Colleague: 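My structure is below; once you've seen it, I'll send some questions.
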Amino acid sequence: TVLALFTVEEKEVYELPIREDAAKEGAVTKDALWESFVNKCRDNLHIILSMSPAGDTLRIRCRNFPGLLSSTTINWFFPWPEEALKTVAVQYVKDEPYTQEQKDLIIKHIVHVHMSVQQY
C-alpha cells in the first residue's frame, strides 16, 4: 500500500460503492473499509507486461525489480513457422460468412501480422 496516495475525499469516492459489501464482510471502520477496497483491487487487478528475453535487459530488470517475478506467471512465446500460423488462421475463419477470396485475404493478413512481430 502506498501511504498518502489518496486524500480522504478521494478515498470516500472509492469506498462508497463497496461500503455495503464490505460491511457484510465485517469491515465497519474506515481503515477496514479501505483495506477491503485494496484487497478487491489486488484480487482483480491483472497486469500483462511483455519483454523480450533476448539480451540482458530482462535479466537486469528482474534483478533490479524482484517484484516482477514474485507472484507472476512467465510465458515464453517462441516464433511459429509460417505454415503453422496459416493452418490456425484457416481454422479460425473457415466458418465465417465470407467469400473464399475474402477468407484468403484475412488468412494472409493474420499470418503477416504474426510474422511481423518477430521483427520487433
Side-chain angles (χ1 to χ4, degrees):
T1 304
V2 179
L3 298 175
L5 181 63
F6 297 106
T7 65
V8 173
E9 293 81 20
E10 290 172 325
K11 282 184 176 182
E12 288 175 356
V13 171
Y14 296 115
E15 292 170 346
L16 188 60
I18 66 159
R19 189 176 306 265
E20 188 176 317
D21 288 339
K24 290 177 187 174
E25 296 170 3
V28 291
T29 66
K30 280 205 163 282
D31 287 340
L33 183 59
W34 184 248
E35 185 178 338
S36 176
F37 170 75
V38 170
N39 288 338
K40 279 193 184 301
C41 290
R42 188 177 294 124
D43 291 344
N44 293 297
L45 180 65
H46 303 280
I47 297 174
I48 298 173
L49 180 63
S50 178
M51 287 188 264
S52 171
D56 293 331
T57 306
L58 178 62
R59 181 181 54 80
I60 291 168
R61 285 188 180 140
C62 290
R63 187 177 59 221
N64 291 340
F65 306 101
L68 287 174
L69 296 177
S70 64
S71 300
T72 62
T73 300
I74 298 177
N75 289 325
W76 297 97
F77 294 98
F78 297 101
W80 279 36
E82 190 171 338
E83 192 59 37
L85 291 170
K86 184 176 179 182
T87 301
V88 171
V90 167
Q91 285 298 113
Y92 185 74
V93 300
K94 72 177 183 180
D95 295 327
E96 296 299 322
Y98 301 119
T99 66
Q100 189 56 47
E101 182 181 351
Q102 290 171 324
K103 288 180 183 181
D104 291 342
L105 289 171
I106 293 169
I107 291 165
K108 184 177 178 181
H109 177 73
I110 290 172
V111 171
H112 170 72
V113 167
H114 286 82
M115 293 299 291
S116 68
V117 170
Q118 297 175 26
Q119 298 170 5
Y120 303 100

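Just so it is clear, the model here is predicted, and its values are computed rather than measured.
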Colleague: Between Ile110 and Tyr98, is there a shared hydrophobic cluster once you connect ILVMFWY residues whose side-chain heavy atoms come closer than 4.5 Å?
Modeller: yes
Colleague: Can you label the angle between the Phe37 ring and the Tyr14 ring as parallel, tilted or perpendicular, going by 30° and 60°?
Modeller: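 Correct class here is parallel.
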Colleague: Should we count CD of Glu82 as having more than 12 external heavy atoms under 6.0 Å?
Modeller: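 Not more than 12 within 6.0 Å, no.
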Colleague: Thr87 versus Glu83: any side-chain heavy-atom pair under 4.5 Å?
Modeller: yes
Colleague: Kindly compute the distance separating NE2 (His112) from CG (Leu85), expressed to the nearest 0.5 Å.
Modeller: 12.5 Å
Colleague: Decide whether Leu5 and Val38 are clustered together by the hydrophobic rule: side chain heavy atoms of Ile, Leu, Val, Met, Phe, Trp, Tyr closer than 4.5 Å, transitively.
Modeller: yes
Colleague: Under 4.5 Å between side-chain heavy atoms, counting indirect links through other Ile/Leu/Val/Met/Phe/Trp/Tyr residues: same cluster for Phe6 and Ile18 or not?
Modeller: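 Yes, Phe6 and Ile18 fall within the same hydrophobic cluster.
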Colleague: Ignoring hydrogens and angles, tell me if any N or O in the side chain of Ser36 forms a donor-acceptor pair with the backbone of Ala32 under 3.5 Å.
Modeller: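 No, the answer is negative, given that no donor and acceptor are paired below the 3.5 Å cut-off.
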Colleague: Where is the tightest heavy-atom contact between His46 and Asp43, given as atom of each residue plus distance?
Modeller: NE2-O, 4.0 Å
Colleague: Provide the closest heavy-atom pair for Ser116 versus Val113 in the form atom of the first, atom of the second, distance.
Modeller: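 Heavy atoms only, the tightest pair is OG-O, 2.8 Å.
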Colleague: Would you compute the distance between atom NE2 of His109 and atom NE2 of His114 and round it to the nearest 0.5 angstrom?
Modeller: 9.5 Å
Colleague: Using a 4.5 Å cut-off on heavy atoms from C-beta on, say whether the side chain of Asp21 contacts that of Lys24.
Modeller: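 Answer yes - side chains close enough.
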Colleague: If you group Ile, Leu, Val, Met, Phe, Trp and Tyr whenever their side-chain heavy atoms sit less than 4.5 Å apart, what else falls in with Ile60?
Modeller: none
Colleague: Flag yes if more than 12 heavy atoms outside Glu10 fall under 6.0 Å of its CD atom; otherwise flag no.
Modeller: yes
Colleague: Distance-only, no hydrogens or angles: does the Lys86 side chain make a donor-acceptor pair with backbone N or O of Ile107 under 3.5 Å?
Modeller: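 No.
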Colleague: Any side-chain heavy atom of Glu15 sitting closer than 4.5 Å to one from Lys30?
Modeller: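 A side-chain contact under 4.5 Å exists here.
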Colleague: Salt bridge (charged side-chain N to carboxylate O under 4.0 Å, His left out): which pairs involve residues 52-66, sequence neighbours left out?
Modeller: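 For residues 52-66: Asp56-Arg59.
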Colleague: Closest heavy-atom contact between Met115 and Trp80?
Modeller: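 Closest approach of Met115 to Trp80: SD-O, 3.9 Å.
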Colleague: Kindly check if the number of other-residue, nucleotide or ligand heavy atoms within 6.0 Å of CD (Gln102) is above 12?
Modeller: yes
Colleague: List the atom of Lys103, the atom of Lys94, and the distance in Å for their closest heavy-atom pair.
Modeller: NZ-O, 2.8 Å
Colleague: If you count every heavy atom of other residues, nucleotides or ligands that lies below 6.0 Å from Gln100 atom CD, does the total exceed 12?
Modeller: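 More than 12 within 6.0 Å, yes.
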